[in-house]
Colleague: 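Shown below is the structure under consideration.
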Amino acid sequence: MAPQSDSKPRQQQTQQAQHTEEEEEEEDYMTMNFADDPATGISSSISTSRGPRVGETSLQRHQRLRREAEARARPKSKAELAAEAEARREEALSRSLMAARPQSKGLAMMAKMGFTPGSALGRRSGPGSLSSQKRAEEEGAPSAEPGVTTSSKDDDGGRTGGGGGDGPVTEPLRIAIKDGREGIGLESERKRKLREAAEAAGERAKRARADETEYRERLRREREEARWAGQLAAAQKVAERMAAAAAGDDAGLRDGEGNDVGTTTSLVGETAARPLLKSIPVEWRGLVRAREEAERDRRMRYDLEQGLASRLPTYEDPEEDEDDKRALGKTARTMYVTADDLDEEDPELDEFEALPVDERLRRVVEFLRERHNYCFWCKFAYPDKEMDGCPGMTEEDHD
Amino acid sequence: MADSSKGLKRSSAETEGSQDSKRVKTDGGSNGKMGGDKYNPYLAHLDEGAHNGFKSPLDELERHKTTALQAVKAEDSDTNPWTGRPHSQQYFKILKTRRDLPVHKQRQEFLDQYHQNQILVFVGETGSGKTTQIPQYVLYDELPHLTGKLIACTQPRRVAAMSVAQRVANELDVELGEEVGYSIRFENKTSSKTLLKYMTDGQLLREAMHDHDMTRYGCIILDEAHERTLATDILMALLKEISTRRKDLKIIVMSATLDAQKFQSYFFNAPLLAVPGRTHPVEIFYTPEPERDYVEAAVRTVLQIHASEPEGDILLFLTGEEEIEDACRRISLEVDEMIRESDAGPMSVYPLYGTLPPHQQQRIFDKAPEPFRKGGRPGRKCIVATNIAETSLTIDGIVYVVDPGFSKQKIYNPRTRVESLLVSPISKASAQQRAGRAGRTRPGKCFRLYTEKAFKKELIEQTYPEILRSNLSNTILELKKLGVQDLVHFDFMDPPAPETMMRALEELNYLACLDDDGELTRLGDLASQFPLDPALAVMLISSPEFYCSNEILSITSLLSVPQIWVRPNNARKRADEMKQQFAHPDGDHLTLLNAYHAYKGAEQNGEDMKKWCHEHFLSYRHLSSADNVRAQLKRIMETHEIELISTPFQNKEYYTNIRRALLAGFFMQVAMRESSNSKVYKTVKDDQLVMIHPSTVVTSPYDWVVYNEFVLTTKQYVRTVTNIRPEWLLEIAPIYYDLDTFEKGEIKSALTRVTEKVRRRQAMKGGR
């Protein structure tokens, strides 16, 4: 039998649809009969019976049977088979025998001995039986429903209850099949991750399902967030500038230009101008870090494009003087200090960055007010802590 | 059981010793020391006052009033009180080591408790000597030669029963099978002289079926009760019941783990006596992360230990034969490389699992290899074992234990009727037991290949007792035979799931072993006489109706032993070719029979059977044990007058009859091919999708097969299958194949078609 890749049994690919019932009539191609009964879809055709259906013409029936035969005749892939076998097993494992119809003779015999469905076996009276009675009552309810009782009280490995110890069992032990050689704990770890991923996906799906108003709302929020992000960057720049200005004032030695240290100062000066990342207040540390990283990348690219000399910029020869350095293209401009701290983990910053953008903005604004008596919204540095004249903390206050 | 190892190691020396004693015996007889009156321990009580010159050291002892001192004195005497023969040199040598066992210090305490109580719970860690010593302490107090009531000591495993009996026979300086004997399924090594009997728990249970009150015994010791085997659980329930009727019966429940409280409260708050084992502290290490591949991780850990830890042997726990052999190979290869590259010490790697031939199991007791040169890196041995190394045998010298946390465990679910061995996480108790193996000789280390969190959260406290993991149809039949009326309220220590009992009753009813009222039928009574599963027993009993009881007897025996086919990794193709020589196109049952007939034929031709088996890739051990099983079963058949007949081989119905006879017992294990071009079968009534196990000889895609077992791994297989015809099902098992009880589906419609066909044919015949 030629393997068929198409899974739709309705397509008449198998003229040789061989089956035990030989001498099947030739398909009448002239009739436009699709027998489109949704109940006989592919999934049900596998499991449902072949008994006659109400309101089905003989032709329909004939076609349905043919379709089912085809579905059966199509060789299944290994994965399909495994999945089907597992599904079948799980279904059987989840179905209590107590509910089986016709009633089992075994159950009838046990009933004669005084067994009531839902209870456990074992000695009639005694310390353990009280709790078991209670458990039986709890579990009796679902098992009274036709068909299914759930026996998965515990989804990790399906081991219900503790091994021994607590009351007698009312349900058979679950069968948990382990494939592969994964160590203990890996499965649950993976399950946890999967669950988290599923939750995240659910979240996303929820968002995707947003209707029109939600869409507008989202657009608005996105615009808002973009605006806040711009403001945040601006506020951080202000904070940096003011910090530099303050540093210049405090030191008193350097001129107030602060930022423009340039070639005139020594290498040490360069690093001093950008203090260690961790010492920068977290409110605007991100700004510096992002800039430094961009700068580093740019320089690395630049260095790469330059000749050999500049490719080894960190090599520092104590013999060389200023002029040598300039001659070799090793002036402070191209000489960068490997910013070790750029590669360091910075949990404090990560935490800050994880905050929503408006919250970060609020924190920077507050930082500016407290440290520099500067209101970001008024764009004005007040002389004292009172900040007399500023309408308030938020942007709305300044409308 | 510290001594099982020593016992095994010494076995060669011991045989010499026993020969010695034999010679002494004959000498004694010719000397006429005891005159014409041969000493008879059963008549010892008549020898009041030693009038014939012989004074038994036991004369001073008064039953149930003895002291440790008296017993020690009797043991120290030159004459063996049980045989009347002089003690051998060997005896005193062993006696000295026995006196060093931890349990010896508490002999008096034990006797006091034993005198005061009917039931006693005894806890002794492995190595305390309880299995070998306690029964002897009881022997010197119970004095069974006076009462004629034996002492029984049960063991969960056949091998343990045999080896411990041998050991104790040596310790008592008697012949195995005389004063000390053993009894296991299909093998009984006892005699009328036997006073102390080691036996499997299942064997004692079988005896109880004919002797509901166990009147033969004065004291019953249930050893290794912590293993909670099915038979031990049933025995405990029975003994609990009997103890109220028979106040003279003493019961000792022995356990190796400290969770004895459960036993105590079950046995009317019986007192507890605990003997510490000889153990050293064990340091436990966990992995920081769960492992992706526990075998890989285990191999790595072993190598790491070898590279960096001081002297000491390694014990690695894995789950099964294939995994163990694979790991052994990998470790050996890696160690060779380590030796070449980094001057590591030598290491011998030994596998250990149940189906390994005994002489290979023995190798685990070999000494670790010497360093390559004096003062070089120490050599060590590494044993890769299943959980048989967990409690049942002790290997001295183990300092490092590697525990990936898995073992193969039997599991049964009545909803799908599948009983299978599945790799499952062990329990906390098992993990502790494994760790304890490292502290036998000196402080050790245990490397657990899982995180501490996983240990706490994912491992269950105790391994589930076997009764919760087994098909109970055999047990229920036994209980019925034992006269238990109310199975529902039977006092199980851990009652099984109601559905499991229900399924068992139902199956026994279909097999016609129980009637609709749950009473034992004649067939059921007969089936319970056979030490077989009910389906096998019923098949065997019904086989004369199919004119092939000889052949079914052979097949039954072959199905009762491990696989007879040998398929070594390095000669798979040859093995398969050889198997093909015996192949019968209709199925594996018939192929088994062919192989057996060939075996018997070669035997009659006087061939060297070991060689013959080796050449034909058959297991000599398993075939000869099948032969033995066959003889035992044949005897039972003869006592119950079950005819042994064969269809003449020339008759074309020869094989058909056998195939039909299989169905008489296995009609509940039938599968139908799902569709005409598929390899997938569906089991009848349970609707499980299965494939035929690749080991089969069946090549034609038969529509209907009967199978011997359902194997659940990651796939679902049926193993040992034979082609059958659906008409036979309706004819042989009409009640099970009552189509009204079938759920709608392909199987029902297929069977309906068959019914119609049969009816048509009969109508045609009738019309003529």
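Numbered from 1 within each chain, the chains take letters A, B, ... in sequence-line order.
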Colleague: Look at L107(A), L186(A), L81(A) and state which one has the largest set of heavy-atom pairs under 4.5 Å with chain B.
Modeller: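 Ranked by heavy-atom pairs under 4.5 Å with chain B, first place is L186(A).
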Colleague: Of the backbone (N, CA, C, O) and the side chain (C-beta and beyond), which part of M501(B) lies under 4.5 Å from a heavy atom of chain A, both, or neither?
Modeller: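 Its backbone and side chain both get close to chain A.
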Colleague: Using the side chain to side chain contact (heavy atoms under 4.5 Å, CB included) rule, take N509(B) and M109(A) through it: C-alpha gap first, then chi angles, then the decisive distance, then the call.
Modeller: CA-CA 10 Å; N509(B) 178 259; M109(A) 289 179 210; 3.6 Å; yes
Colleague: Atom CD of residue position E90(A) - does it have more than 12 heavy atoms of other residues, nucleotides or ligands inside 6.0 Å?
Modeller: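 Result for CD/E90(A): enclosed.
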Colleague: If you take all heavy atoms of E499(B) and L97(A), which pair is closest and at what distance?
Modeller: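 Scanning both residues completely, I find the closest heavy atoms to be OE1-N, 3.0 Å.
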Colleague: Using non-hydrogen atoms and a 4.5 Å limit, figure out which bit of V423(B) sits close to chain A: side chain, backbone, both or neither.
Modeller: both
Colleague: Using non-hydrogen atoms only, which part of A92(A) is less than 4.5 Å away from chain B: side chain, backbone, both, or neither?
Modeller: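 A92(A) touches chain B through backbone and side-chain heavy atoms alike.
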Colleague: Please give me the minimum heavy-atom distance between R415(B) and P172(A), naming the atom from each residue.
Modeller: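 Heavy atoms only, the tightest pair is NH2-CD, 3.7 Å.
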Colleague: Counting heavy-atom pairs under 4.5 Å with chain A, which one of E506(B), K715(B), H489(B) comes out on top?
Modeller: H489(B)
Colleague: Pick whichever of K112(A), M113(A), E86(A) has the most heavy-atom pairs under 4.5 Å with chain B.
Modeller: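 When all of K112(A), M113(A), E86(A) are compared, M113(A) has the most.
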Colleague: Do you know which of P414(B), P404(B), A237(B), S265(B) has the most heavy-atom pairs under 4.5 Å to chain A?
Modeller: P414(B)
Colleague: Tell me which of these, D740(B), L422(B), L712(B), T713(B), has more heavy-atom pairs under 4.5 Å with chain A than the rest.
Modeller: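 The answer is L712(B).
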Colleague: Output the option from I411(B), L514(B), N413(B) having the highest count of non-hydrogen pairs under 4.5 Å with chain A.
Modeller: N413(B)
Colleague: Ignoring hydrogens and geometry, is there a side-chain-to-backbone donor-acceptor pair from R181(A) to D293(B) under 3.5 Å?
Modeller: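 Between the backbone of D293(B) and the side chain of R181(A) there is no qualifying donor-acceptor contact (under 3.5 Å).
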Colleague: Once rounded to the nearest 0.5 Å, what's the spacing between atom OG1 of T500(B) and atom CD of E171(A)?
Modeller: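 T500(B) atom OG1 to E171(A) atom CD measures 10.5 Å (nearest 0.5 Å).
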Colleague: With a 4.5 Å cut-off on heavy-atom pairs, point out which of D516(B), T287(B), T741(B) contacts chain A the most.
Modeller: D516(B)
Colleague: Testing the basics here: between F115(A) and P498(B), what is the closest heavy-atom pair and its distance to 0.1 Å?
Modeller: CZ-CB, 3.4 Å
Colleague: Just do the side chain to side chain contact (heavy atoms under 4.5 Å, CB included) check on K682(B) and R88(A) with the steps written out, would you?
Modeller: CA-CA 10 Å; K682(B) 194 188 260 182; R88(A) 203 65 73 78; 3.1 Å; yes
Colleague: Measuring from S420(B):OG to I177(A):CD1, what's the distance to the nearest 0.5 Å?
Modeller: 8.0 Å
Colleague: With a 4.5 angstrom heavy-atom cut-off, which part of L459(B) approaches chain A: side chain, backbone, both or neither?
Modeller: side chain
Colleague: Need one label for Q485(B): side chain, backbone, both or neither, based on atoms under 4.5 Å from any heavy atom in chain A.
Modeller: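 For Q485(B), the contact with chain A is made by the backbone alone.
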Colleague: Is the shortest side-chain N to carboxylate O distance from D738(B) to K105(A) below 4.0 Å?
Modeller: no
Colleague: Working to the nearest 0.5 Å, report the span between OG1 of T416(B) and CD1 of I175(A).
Modeller: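 Rounded to the nearest 0.5 Å, the OG1-CD1 separation comes to 4.5 Å.
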Colleague: Answer yes or no: does atom CD1 of I735(B) have more than 12 heavy-atom neighbours from other residues, nucleotides or ligands under 6.0 Å?
Modeller: no
Colleague: Are any of the side-chain nitrogens in E458(B) or K191(A) under 4.0 Å away from the carboxylate oxygens of its partner?
Modeller: no
Colleague: How far apart are the closest heavy atoms of I184(A) and P290(B), and which atoms are they?
Modeller: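 Taking I184(A) first and P290(B) second, the nearest heavy atoms are O-CB, 3.9 Å.
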Colleague: Side chain, backbone, both or neither: which part of K178(A) has a non-hydrogen atom closer than 4.5 Å to chain B?
Modeller: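 Contact with chain B involves both backbone and side-chain atoms of K178(A).
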Colleague: Of the listed residues (Y450(B), F406(B), Y412(B)), which shares the most heavy-atom pairs with chain A below a 4.5 Å separation?
Modeller: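 Most pairs with chain A among the choices: F406(B).
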